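So you know, we letter chains A, B, ... as the sequences are listed, proteins then strands, and number each from 1. Given the structure is predicted, the values throughout are model-derived calculations rather than measurements. Atom set for the values below is all heavy atoms of this structure, side chains included, hydrogens, waters and symmetry mates excluded.
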Amino acid sequence: AQSVAQPEDQVNVAEGNPLTVKCTYSVSGNPYLFWYVQYPNRGLQFLLKYITGDNLVKGSYGFEAEFNKSQTSFHLKKPSALVSDSALYFCAVRDGLTGGGNKLTFGTGTQLKVEL
Amino acid sequence: SAVISQKPSRDICQRGTSLTIQCQVDSQVTMMFWYRQQPGQSLTLIATANQGSEATYESGFVIDKFPISRPNLTFSTLTVSNMSPEDSSIYLCSATDRANTGELFFGEGSRLTVL
């Protein structure tokens with residue numbers, strides 16, 4: 001079985017400061033990892049993914065994530081936060097070995113609040 | 001990428017009634033899925049919509065309650081049957097593209113409130 005943990009319900013950061021949203025995962029085979037963002041009353045928007053290759057993945061809106069196999073983590077980062085980054089962020093995993101039928105398992109979400 | 005349109009975007013329904021949500025994708029996709037997002041919670045997969053055959057349901061979800069159709073590669077419907085207040089949720093349609101990279105695209109969701 002595959003699972004994702006987002007240990008923080010909410011992350012608060014001041015605008016201009018770096019931000020990190022944490023995610024750890026568990027899969028049987030190789031992980032396919034994703035980050036999505038959800039703005040109020042909207043669907044989910046894809047931010048970035050790790051399938052293979054460089055551990056540091058760059059995505060939309062200046063976000064990046066670092067895949068760490070030994071720590072089974074895929075934390076989302078941004079060097080300088082913006083107020084407009086305030087939203088709900090979801091980490092998701094798919095088991096690359098079994099394919100999982102493209103079935104993604106989502107974490108519980110982390111609410112990011114960026115303040116002036 | 002794929003653009004996914006859902007309708008209705010929101011609705012208020014009476015207990016005991018049924019509502020069908022439509023999902024249209026702007027390109028042919030390999031797989032389509034229906035998720036539920038209950039208030040303040042994460043996404044839970046309801047089922048995989050299979051073209052021309054019965055959907056594959058996840059544990060805790062049954063066809064009688066959530067009948068799904070997928071007559072072709074770009075369209076699917078989800079019906080929420082005999083609704084109760086516990087069915088108040090956002091229902092999200094999603095799909096993978098033909099490259100099958102694992103990335104899911106999502107519709108804007110259908111927010112249902114059951115009174």
Side-chain angles (χ1 to χ4, degrees), chain A residues 1-10 21 23 25 27 29-53 57 59-60 65 67 74 87-111, chain B residues 1-11 21 23-25 29-51 53 55-59 61 89-113:
Chain A
Q2 55 196 41
S3 65
V4 176
Q6 292 181 247
E8 303 154 317
D9 291 335
Q10 181 160 321
V21 183
C23 171
Y25 66 88
V27 295
N30 295 323
Y32 289 7
L33 294 156
F34 305 83
W35 276 101
Y36 287 83
V37 59
Q38 186 177 36
Y39 297 99
N41 301 314
R42 304 294 297 276
L44 271 69
Q45 295 179 31
F46 170 78
L47 277 180
L48 52 79
K49 66 182 177 185
Y50 171 83
I51 304 296
T52 186
V57 179
S60 305
F67 169 64
F74 190 57
L88 185 59
Y89 290 81
F90 289 99
C91 182
V93 69
R94 169 191 158 200
D95 190 332
L97 179 63
T98 65
N102 279 344
K103 190 164 58 178
L104 289 188
T105 298
F106 286 83
T108 52
T110 299
Q111 184 70 48
Chain B
S1 64
V3 177
I4 300 177
S5 303
Q6 276 184 243
K7 59 179 180 181
S9 58
R10 58 178 63 230
D11 207 339
I21 302 167
C23 176
Q24 179 73 55
V25 188
V29 291
T30 53
M31 303 186 76
M32 295 181 73
F33 305 89
W34 287 96
Y35 283 84
R36 181 174 73 182
Q37 185 179 21
Q38 293 179 301
Q41 297 190 26
S42 185
L43 283 76
T44 301
L45 180 63
I46 297 172
T48 302
N50 301 309
Q51 185 202 354
S53 63
T56 303
Y57 290 84
E58 297 300 307
S59 176
F61 298 96
S89 288
I90 300 173
Y91 292 86
L92 293 151
C93 175
S94 67
T96 58
D97 62 16
R98 292 186 70 84
N100 200 20
T101 59
E103 173 184 338
L104 283 184
F105 302 96
F106 283 85
E108 293 289 303
S110 299
R111 182 182 294 270
L112 301 188
T113 301

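The shortest heavy-atom contact between B:Leu92 and A:Gly43 is CD2-CA, 4.1 Å. Nearest heavy atom pair, residue A:Phe90 against residue B:Gln37, reads CZ-NE2, 3.5 Å. For the pair A:Phe106 and B:Leu43, the tightest heavy-atom approach, listed with the atom from each and the gap, is CD1-CB, 4.1 Å.
With a threshold of 4.5 angstrom between heavy atoms, B:Gln6 does not approach chain A through any atom at all. Only the side chain of A:Gln38 has a heavy atom closer than 4.5 Å to any heavy atom of chain B.
Checked by atom type and distance alone, the side chain of B:Ser42 pairs as donor or acceptor with a backbone atom of A:Gly107 at under 3.5 Å.
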Would you check, one step at a time, whether the test side-chain contact (heavy atoms from CB on, under 4.5 Å) holds for A:Phe34 with B:Leu104? CA-CA 9 Å; A:Phe34 305 83; B:Leu104 283 184; over 6 Å; no

Would you check, one step at a time, whether the test side-chain contact (heavy atoms from CB on, under 4.5 Å) holds for B:Phe106 with A:Tyr36? CA-CA 10 Å; B:Phe106 283 85; A:Tyr36 287 83; 3.8 Å; yes

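To the nearest 0.5 Å, atom OG of residue B:Ser94 and atom CG of residue A:Leu44 are 9.0 Å apart.
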